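Here the structure comes first, spelled out in structure tokens, and everything after it is commentary.
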Amino acid sequence: MSLSLYYALPALGSYAMLSIFFLRWPHLLHTPRAPTFRVRLAAHRGGSGELLESTMEAMENSMAQRSDLLELDCQLTRDKVVVVSHDENLYRQSGLNRDVGSLDFEDLPLYKEELEVYFSPGHFAHGSDRRMVRLEDLFQRFPRTPMSVEIKGNNEELICEIADLVRRYDRNEITIWASENRSVMKKCKAANPEMPLSFTISRGFWVLLSYYLGLLPFIPIPEKFFFCFLPNIINRTYFPFSCSCLNQLSAVVSKWLIMRKSLIRHLEERGVQVVFWCLNEESDFDAAFSVGATGVMTDYPTALRHYLDNRGPAAQTS
């Protein structure tokens, strides 16, 4: 054995043992963060499988099912009103080929009478309420309900308007910044640093890489929420690639990488809530909770509430 290996192997062995030890008991390195609220049931787009997405009627229905979190996407109108809308362009939702930002709030069209549920292809939602809602209306109607506000585009004006609304309604601790884009998230954090953060895509990859390199127990984690897709739904209700072969490969690889109980337990004990999206079937609820997820984001809050209530204590403490 060479001299370098003589020293390197014991060092690597010691590092591996320390990493495994602190992965299991992270409180010895990091002060535990008590959550302000816990997310078991999160309503995707306000519960878009049961009533028209992002409408007040859908939100009311989700709250009737005791949802812990309303998941929203926001856009800014021409007259600077923050509205709850997944799309910037209104064609899919209303049939009008205009951007939200090109219209005043009063001129926004009604939603179509039915909309396909994105994560349940072939299923359609209907509702009597077809009006687009202001974020401020939701803050007034549900003043203490946690909400996740996702920013799709790099719109600093929208970010600042949301940050100001959150401050005005004293919702700093119960309104989550969400964005896939790291540069957008930096702007969100600068606009209102008191709001909890969720992981961006790049930060999610960094966490996975750190986990497999053994670095995760030793690095700081400022985020409090990890909204992660469930690999089981790829190529079934979620199609990230146009090629089915790539979807099948990504399902297998991502399931192997992400569905690790030790990873999810470590994040939980570090104060990071892991919520899998967007799950609309009982088998997927089982898959998420079986690996220790905090909660599930769904288009069907009634179905998830029924599942949680029927599982009894196990569903509340898993």
Side-chain angles (χ1 to χ4, degrees), residues 42-49 51-62 69-119 124-142 145 147-169 171 175-181 183-188 190-192 195 198 200-201 227 277-278 297 299:
H44 181 244
R45 302 186 195 178
S48 62
L51 291 160
L52 292 177
E53 66 182 54
S54 304
T55 59
M56 185 65 79
E57 186 179 43
M59 308 290 176
E60 294 274 8
N61 176 67
S62 294
L69 179 78
L70 297 176
E71 189 272 341
L72 318 170
D73 309 272
C74 289
Q75 310 288 345
L76 192 66
T77 65
R78 183 169 59 190
D79 53 345
K80 313 307 176 190
V81 176
V82 180
V83 294
V84 180
S85 172
H86 181 272
D87 301 354
E88 166 63 13
N89 185 276
L90 293 162
Y91 185 74
R92 176 189 67 86
Q93 299 166 180
S94 70
L96 178 66
N97 191 17
R98 294 281 297 274
D99 287 349
V100 173
S102 70
L103 297 168
D104 291 341
F105 176 70
E106 295 299 328
D107 298 325
L108 292 174
L110 296 176
Y111 285 120
K112 294 176 181 177
E113 292 184 358
E114 67 173 20
L115 289 172
E116 186 172 21
V117 184
Y118 184 83
F119 288 98
F124 293 84
H126 307 79
S128 58
D129 182 6
R130 297 167 56 198
R131 294 168 297 176
M132 198 169 290
V133 67
R134 302 183 306 165
L135 182 62
E136 186 169 9
D137 295 333
L138 292 184
F139 284 178
Q140 291 174 348
R141 178 65 187 86
F142 310 110
T145 298
M147 299 181 194
S148 170
V149 178
E150 183 168 358
I151 311 299
K152 295 291 187 183
N154 194 352
N155 188 332
E156 292 190 48
E157 203 168 13
L158 170 63
I159 292 169
C160 290
E161 290 289 342
I162 292 173
D164 289 343
L165 279 173
V166 169
R167 289 193 188 93
R168 191 185 316 161
Y169 286 91
R171 295 182 50 91
T175 309
I176 305 164
W177 282 126
S179 177
E180 295 181 347
N181 189 291
S183 64
V184 171
M185 186 61 82
K186 285 182 178 179
K187 293 174 182 177
C188 292
N192 189 333
M195 292 169 59
S198 61
T200 61
I201 290 178
F227 298 128
W277 58 261
C278 183
M297 189 178 294
D299 291 308

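A quick note: this is a predicted structure, and the numbers were derived from the prediction, not measured.
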Inset, instruction - Answer yes or no: are there more than 12 heavy-atom neighbours, outside F124 itself, under 6.0 Å from its atom CZ? - result: yes
Inset, instruction - List the steps, then state whether side chain to side chain contact (heavy atoms under 4.5 Å, CB included) holds for V184 with I159. - result: CA-CA 9 Å; V184 171; I159 292 169; 4.1 Å; yes
Inset, instruction - Sequence neighbours left out, what passes ring pair (Phe, Tyr, Trp, His ring centres under 6.0 Å) with Y111? Give chain and number order. - result: none
Inset, instruction - Kindly say whether R45 contributes a backbone atom to a donor-acceptor pair with the side chain of E53 at under 3.5 angstrom? - result: no
Legend entry - Inter-residue atom distance S85.OG - L72.CG, 0.5 Å rounding: 11.0 Å
Legend entry - Any residue meeting side chain to side chain contact (heavy atoms under 4.5 Å, CB included) with T145, in chain and number order, not counting sequence neighbours: M63, L70, F142
Legend entry - Test item: D79 side-chain N/O and F105 main-chain N/O as donor-acceptor pair under 3.5 Å: yes
Legend entry - Reported CD1-to-CD1 distance for the pair I162 and I151, which is rounded to 0.5 angstrom: 3.5 Å
Legend entry - Exam field: side chain K112 to backbone R92, donor-acceptor pair closer than 3.5 Å: yes
Legend entry - Distance-only polar pair, side chains of N181 and S179, donor-acceptor under 3.5 Å: no
Inset, instruction - Hey, could you give me each pair passing side chain to side chain donor-acceptor pair (under 3.5 Å) that has a residue in residues 94-107? Not counting sequence neighbours. - result: R78-D104, N89-N97, N89-D99, R98-S102
Legend entry - Sidechain-backbone polar pair: E88 side chain, Q75 backbone, donor-acceptor under 3.5 Å: no
Inset, instruction - Using a 4.5 Å cut-off on heavy atoms from C-beta on, say whether the side chain of E150 contacts that of H86. - result: no
Legend entry - Shortest non-hydrogen contact from D299 toward C278: OD2-SG, 3.3 Å
Legend entry - Set of side-chain hydrogen bond (donor to acceptor under 3.5 Å, both in side chains) partners for Y118, sequence neighbours left out: none
Legend entry - Within 6.0 angstrom of E113 CD, more than 12 heavy atoms from elsewhere: no
Legend entry - salt bridge (charged side-chain N to carboxylate O under 4.0 Å, His left out) partners of E114, counting only residues at least two apart: none
Legend entry - Residues L103, T77; criterion side chain to side chain contact (heavy atoms under 4.5 Å, CB included); working and verdict: CA-CA 6 Å; L103 297 168; T77 65; over 6 Å; no
Legend entry - Residues which pass side-chain hydrogen bond (donor to acceptor under 3.5 Å, both in side chains) with R134, listed by chain and number, not counting sequence neighbours: D137
Legend entry - Results of side chain to side chain contact (heavy atoms under 4.5 Å, CB included) for A163 - residues two or more places apart only: R167, W177, A191, N192
Inset, instruction - Heavy atoms only: give me the nearest C74-L158 pair and the separation to one decimal. - result: O-CD2, 3.4 Å
Legend entry - Sequence-distant partners of E161, salt bridge (charged side-chain N to carboxylate O under 4.0 Å, His left out), two or more places apart: none
Legend entry - Nearest non-hydrogen partners of G46 and S62, listed with the distance: O-OG, 2.5 Å
Inset, instruction - Only counting residues at least two apart or in another chain, list the ones meeting side-chain hydrogen bond (donor to acceptor under 3.5 Å, both in side chains) with Q140. - result: Y169
Legend entry - Spacing of CZ belonging to R171 relative to CG belonging to L135, to within rounding of 0.5 Å: 8.0 Å
Inset, instruction - Decide yes or no for V133 and T55: does some side-chain heavy atom of the first lie under 4.5 Å from some side-chain heavy atom of the second? - result: no
Legend entry - Nearest-0.5 Å distance that lies between atom CG in L51 and atom CG in L115: 11.5 Å
Inset, instruction - Starting from the C-alpha separation in whole Å, work towards a yes-or-no answer on side chain to side chain contact (heavy atoms under 4.5 Å, CB included) for M59 and R141. - result: CA-CA 10 Å; M59 308 290 176; R141 178 65 187 86; over 6 Å; no
Legend entry - Side chain D129, main chain E57, donor-acceptor under 3.5 Å: yes
Legend entry - Qualifying residues under salt bridge (charged side-chain N to carboxylate O under 4.0 Å, His left out), relative to K187, sequence neighbours excluded: E156
Legend entry - Any residue meeting salt bridge (charged side-chain N to carboxylate O under 4.0 Å, His left out) with E180, in chain and number order, not counting sequence neighbours: none
Inset, instruction - Kindly indicate, with the supporting measurements, whether the criterion side chain to side chain contact (heavy atoms under 4.5 Å, CB included) is fulfilled by V82 and F139. - result: CA-CA 12 Å; V82 180; F139 284 178; over 6 Å; no
Legend entry - Closest non-hydrogen atom pair between V117 and G49, with its separation: CG2-CA, 3.7 Å
Inset, instruction - Only counting residues at least two apart or in another chain, list the ones meeting side-chain hydrogen bond (donor to acceptor under 3.5 Å, both in side chains) with K80. - result: E157
Inset, instruction - Work out which heavy atom in L52 is nearest to a heavy atom in A58; give both atom names and the distance. - result: O-CB, 3.4 Å
Legend entry - Inter-residue atom distance H44.NE2 - M297.CE, 0.5 Å rounding: 6.5 Å
